[in-house]
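Here the structure is laid out as structure tokens; the discussion comes afterwards.
Chain A is the first sequence line, chain B the second, and so forth, proteins listed ahead of strands; every chain is numbered from 1.
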Protein chains: 2
Amino acid sequence: MHLTNDCRAVSDVLQRVGDKWTVLVVSKLGGGPLRFNELRNTIGGISQKMLTTTLRGLERDGFVTRTVFPTIPPRVDYELTDLGRELLVPVQALGDWALKNIDRVNASRERFDAERGP
Amino acid sequence: MHLTNDCRAVSDVLQRVGDKWTVLVVSKLGGGPLRFNELRNTIGGISQKMLTTTLRGLERDGFVTRTVFPTIPPRVDYELTDLGRELLVPVQALGDWALKNIDRVNASRERFDAERGP
DNA sequence: CGGCATCCGTGGCGATACTG
DNA sequence: CAGTATCGCCACGGATGCCG
């Protein structure tokens, strides 16, 4: 494989991780399988369209499984795959780092914005 | 601080990491300070506008410093801060994971797309 | 050399309404 | 309940041209 392609591939995965809802969805699923509206409610603020889109992307990449129960009313469970649980490890590490250092980042932002004052 | 706010804060940092060029820029700067066009050339494919925007964002967040040498022609060095170097640790871990597992992800994508055939 | 200003196309994302 | 369909906004990102 080529080095440049590697960079693109890595960027590709990182952008999936970086999109607006993926990390929240994956981390919620880290506690075990959830139904569509259970996810929707525990996350809060996400539209059904974006939850569907996010879950389809995660399913396509092999991070979650989608299980349909043909009952009435219908029921759909989402669960992390092994790959998804493996992904959770470095993602949580990054998340923990972000949580520990968010204050430093915010402080830097305020300083930066203050110097660019009106 | 509130739990929901924590999630937002983490998302905030993750989205910065996930945007198109940030990780590439930070990893290039991991090898030491670079000038604007040095960065531009080693990355390849990035417009000056996006490089400027990316660097401003990183500077605002406290991940890089910007040093101007008032010479002719002008010279500007960019360098990782301590915070930037710390960020590099979990980011590289995620990058390494992505590189190791990109084949599994691509295989899953092809399978998924194949089932949704013409 | 290292920007900033401007224009513009694409796509992410939300709101709303409808369906199996 | 768990979607699909449609619309519209606007932020992201590329291309180009000018400036200190």
## Note on the structure
In short, B:Lys20 meets A:Ser11 closest at the heavy-atom pair O-OG, 4.2 Å
### Task
Would you mind listing every side-chain hydrogen bond (donor to acceptor under 3.5 Å, both in side chains) that reaches into residues 44-59 of chain B, with sequence neighbours excluded?
none
### Query
When every nucleotide of nucleotides 9-20 of chain D is labelled 5' to 3' by its protein contacts under 4.0 Å (heavy atoms), B for base, S for sugar-phosphate only, - for none, what sequence of letters results?
----BBBBB--B
### Query
Under a 4.0 Å heavy-atom cut-off, which of residues 54-72 of chain B touch DNA chain D?
none
### Query
Of all heavy-atom pairs between B:Val23 and B:Val17, which one has the smallest distance, and what is that distance?
CG2-O, 3.2 Å
### Where at least one partner belongs to residues 64-80 of chain A, residue pairs that pass side-chain hydrogen bond (donor to acceptor under 3.5 Å, both in side chains), sequence neighbours excluded
A:Arg66-A:Tyr78, A:Arg75-A:Asp77
### Task
Walk along DNA chain C from 5' to 3' and tell me the first and last nucleotide with an atom closer than 4.0 Å to a non-hydrogen atom of chain B.
C:dC1 to C:dC7
#### Entry: Exercise: identify the closest heavy-atom pair between B:Phe36 and B:Leu51
O-CD2, 3.6 Å
### Query
With side chains defined as the heavy atoms from C-beta onward, is the minimum distance between A:Val105 and B:Phe63 less than 4.5 Å?
yes
### Query
Between B:Glu86 and A:Asn101, which heavy-atom pair has the shortest distance, and what is it?
OE1-ND2, 4.0 Å
### Message
Do A:Val26 and A:Val91 make a side-chain contact, defined as non-hydrogen atoms from C-beta onward lying under 4.5 Å apart?
### Response
no
### Message
Contact between A:Val25 and A:Lys28 at the side-chain level, heavy atoms closer than 4.5 Å - yes or no?
### Response
no
### Task
Can you see which heavy atom on A:Pro74 is nearest to which on A:Arg35, and at what distance?
O-NH2, 3.7 Å
### Message
When you measure from the side chain of A:Arg85 to the backbone of A:Gly30, do you find a donor-acceptor pair of N or O atoms at a distance under 3.5 Å?
### Response
no
### Query
What pattern of brackets, bars and dots sums up DNA chain D from 5' to 3', given Watson-Crick or G-U wobble pairs under 3.5 Å, [ ] for crossing pairs and | for another strand?
||||||||||||||||||||
### Message
Measuring only between side-chain heavy atoms, which start at C-beta, is A:Arg109 closer than 4.5 Å to A:Asn106?
### Response
yes
### Task
Quickly work out the A:Leu51 CG to D:dT4 C1' distance and round it to whole Å.
14 Å
